[in-house]
Amino acid sequence: MTSQPTLQQSGSGPANPDGHGSGLQAGLKNRHLTMIAIGGVIGAGLFVGSSSGIATAGPGILLSYALVGTLVVLVMRMLGEMSAANPTSGSFSAHADRALGGWAGFSIGWLYWFFWVVVLAVESTAGAKILSDWIPAVPQWGWALIVMLVLTATNLVSVGSYGEFEFWFAGIKVVAIAAFIVVGLLAVFGVLPGVHADQASFSNLTGHGGFLPHGPGSILTGVLLVVFSFMGSEIATLAAGESEDPQSAVTKATNSIIWRIAVFYLGSILVVVSLIPWNDKAITDKGSYVAALDSLGIAHAGQIMNFIVLTSVLSCLNSGLYTASRMAFSLGQRGDAPKVFARTTGRGVPRTAILVSVAFGFVAVFFNYKFPDTVFLFLVNSSGAVALFVWLVICFSQLRMRRIIQREAPEKLVVRMWLYPYLTWAAALLIVFVLGYMLTDTEHDGRETVLLSLLVAAVVLVIAVVKQKLAGGHGHRAAADEAAGTEQIPAG
């Protein structure tokens with residue numbers, strides 16, 4: 001297997017035959033990639049969604065987070081192995097295309113795009129609610145429109161402007177959660193003025209019905225509630241393709257995922273359940289982090305947390321639009337989407353891919369306001385399990401890709417999956433188990449989410465297979481790769 005060209009090369013030449021730019025460009029700096037990688041694992045779901053997890057599993061929610069965190073570490077290691085060997089804007093979709101076939105790359109690419117355009121609607125609505133509470137003169141739909149337009153504009157300017165916005169958004173999240181952990185631990189150890197030992201103590205982990213007050217089964221229920229808050233950790237591998245040194249960026253992002261999850265997820269949740277009893281009504285009434293801040297007597301804790309959540313929402317929106325557009329760009333390059341998606345401006349921005357993605361985001365926002373309990377609920381539930389589908393495809397892609405790379409270009413294995421293939425298979429089986437367990441969950445809509453997501457996935461898969469049959473098998477694959485300036489890895 002010969003060397004894969006970088007994104008700077010892959011977008012040049014035939015990829016834009018009518019002169020609409022020279023492809024994606026390396027506009028992200030190292031500090032951008034570092035903060036995108038760190039902030040990518042801190043979503044608004046951590047701040048907003050942890051309350052229900054704590055109420056369901058008690059302090060045992062730490063084991064739920066640890067279990068999902070371990071799974072994410074394994075999946076990111078696999079993805080890092082493939083992306084370091086072949087950095088590309090399509091990330092796991094492009095890897096699936098090469099390792100499993102065009103049907104896999106098409107299906108998972110479009111499902112992932114669908115997931116993020118729905119996220120655009122969810123997050124813009126969440127952000128609009130906070131902003132309208134602050135400035136009620138502007139209606140919620142007005143704030144949703146403003147937020148979407150501003151972030152669309154930043155993405156249209158250049159990839160560097162996206163990186164700069166995300167650098168500051170992610171930076172605020174990182175500083176806020178780090179400060180929360182430090183202050184919380186000082187309180188737990190009794191060295192924070194005004195906080196008494198009986199109010200904040202590690203004894204809260206076992207003193208209110210035990211560490212697992214609802215039994216061991218609550219750990220798995222907790223997994224269902226927290227698993228989706230980890231979605232976004234893979235964004236760093238997509239963004240790395242537009243950096244000056246993609247291989248180094250992917251390697252760093254992959255190697256740092258363990259401490260990032262340990263500190264930001266496990267560390268902050270440990271502080272929450274140590275500061276106040278897990279069954280304190282304030283956790284569900286106010287939110288876990290607001291309740292924890294309130295317990296320390298910090299003034300305006302709710303507004304402080306609203307600001308942090310708003311920052312997380314804007315960060316998620318910014319990255320969601322970026323991610324959806326780059327996936328659309330990659331699909332266009334490979335012939336799985338209209339070729340206009342693969343056109344870029346002179347600054348290397350896939351303008352059409354961005355505008356189409358945000359247009360569908362606006363449609364989803366409209367459904368959220370007009371038909372929240374019917375059409376929009378269907379969109380949310382039918383995209384809910386896509387994260388698990390993506391992780392499962394990454395597992396199977398890595399199983400095949402490792403053999404190909406080892407045979408053709410072993411020097412590209414600068415990042416290696418641990419205990420291959422055993423840990424890969426273990427991760428895949430865990431994902432299948434979680435999906436199966438969701439089918440038994442009727443209380444938290446797990447069954448409906450999986451069934452509707454499977455329905456949408458089946459529709460997309462049928463379209464992929466029909467398209468491949470009409471195109472004559474793999475023949476169009478090589479043509480699409482040649483047009484994009486990339487090389488087809490042998491199927492082995």
Test side-chain contact (heavy atoms from CB on, under 4.5 Å) applied to Arg98 and Asn86, step by step: CA-CA 11 Å; Arg98 293 180 170 89; Asn86 180 34; 3.5 Å; yes

side-chain contact (heavy atoms from CB on, under 4.5 Å) between Cys316 and Trp116, intermediate numbers included: CA-CA 10 Å; Cys316 188; Trp116 279 110; 4.0 Å; yes

Side chains of Tyr162 and Glu242 in contact at under 4.5 Å (non-hydrogen atoms): no

Side-chain heavy-atom pair Leu430, Thr70 within 4.5 angstrom cut-off: no

Side-chain donor/acceptor of Ser161 to backbone N/O of Thr154, under 3.5 Å: yes

Heavy-atom pair of closest approach, residues Gln247 and Ala84: NE2-O, 3.2 Å

Donor-acceptor under 3.5 Å (Ser107 side chain, Ala104 main chain): no

Arg447 CZ to Leu224 CG distance, which is reported to the nearest 0.5 Å: 12.5 Å

Interatomic spacing from CD in Glu166 to NZ in Lys173 - rounded to 0.5 Å: 6.0 Å

Side-chain (Ser243) to main-chain (Lys29) donor-acceptor, under 3.5 angstrom: no

Minimum heavy-atom distance between Ile431 and Cys395, given as atom pair plus value: CD1-SG, 4.0 Å

Within 6.0 angstrom of Tyr420 OH, more than 12 heavy atoms from elsewhere: yes

Backbone of Ala99 reached by a side-chain donor or acceptor of Arg400 within 3.5 Å: yes

Minimum heavy-atom distance between Asp336 and Lys467, given as atom pair plus value: OD1-NZ, 3.6 Å

N/O donor-acceptor pair under 3.5 Å between Arg402 side chain and Arg416 backbone: no

Minimum side-chain heavy-atom gap Phe92-Val390 below 4.5 Å: yes

From CA spacing to verdict: side-chain contact (heavy atoms from CB on, under 4.5 Å), Phe167, Leu28: CA-CA 10 Å; Phe167 175 82; Leu28 293 176; over 6 Å; no

Thr237 side chain to Ser91 side chain, donor-acceptor N/O pair below 3.5 angstrom: yes

Taking every non-hydrogen atom, the tightest pair across Ser383 and Phe115: O-CD1, 3.3 Å

Val358 side chain reached by Leu149 side chain, heavy atoms, under 4.5 Å: no

CH2/Trp418: more than 12 non-hydrogen atoms of other groups inside 6.0 Å: yes

Ring geometry between Phe367 and Phe371 (parallel below 30°, tilted from 30 to 60°, perpendicular above 60°): tilted

Gap separating the CZ atom of Arg77 from the CD atom of Gln398, nearest 0.5 angstrom: 10.5 Å

More than 12 heavy atoms of other groups within 6.0 Å of Phe360 CZ: no

N/O donor-acceptor pair under 3.5 Å between Ser330 side chain and Met327 backbone: no

Under 3.5 Å donor-acceptor, Ser229 side chain and Val226 backbone: yes

Whether Trp110 and Trp113 hold their rings parallel, tilted or perpendicular, with breakpoints at 30° and 60°: perpendicular

Taking every non-hydrogen atom, the tightest pair across Ser132 and Gln140: OG-CG, 3.3 Å

Minimum-distance pair of heavy atoms, taken over all atoms of Leu151 and Leu321: O-CD2, 3.9 Å

Ser268/Tyr289 under side-chain hydrogen bond (donor to acceptor under 3.5 Å, both in side chains): CA gap, chis, key distance, verdict: CA-CA 9 Å; Ser268 65; Tyr289 288 81; 2.8 Å; yes

Tyr65 and Tyr265 aromatic ring geometry - parallel, tilted or perpendicular at 30°/60° bounds: tilted

Interatomic spacing from CG in Leu74 to CD1 in Ile394 - rounded to 0.5 Å: 11.5 Å

Rounded distance (nearest 0.5 Å) linking atom CD of Glu164 with atom NE2 of His32: 4.0 Å

Backbone of Leu399 reached by a side-chain donor or acceptor of Arg403 within 3.5 Å: yes

Met35 vs Val174 side-chain heavy atoms within contact, under 4.5 Å: yes

Heavy-atom side-chain proximity of Ser93 to Tyr112 below 4.5 angstrom: no

Sub-4.5 Å side-chain heavy-atom contact between Leu314 and Phe165: no

Beyond-backbone contact of Ser325 with Phe341, side-chain heavy atoms, under 4.5 angstrom: no

Side-chain (Ser382) to main-chain (Ser453) donor-acceptor, under 3.5 angstrom: no

From CA spacing to verdict: side-chain contact (heavy atoms from CB on, under 4.5 Å), Asn155, Asn318: CA-CA 8 Å; Asn155 274 265; Asn318 195 37; 3.1 Å; yes

Glu123 side chain vs Leu317 backbone, donor-acceptor pair below 3.5 Å: no

Interatomic spacing from OH in Tyr322 to CZ in Phe329 - rounded to 0.5 Å: 10.5 Å

Over 12 foreign heavy atoms within 6.0 Å of CH2, Trp134: yes

Parallel, tilted or perpendicular: ring planes of Phe264 versus Trp259, cut at 30 and 60 degrees: tilted

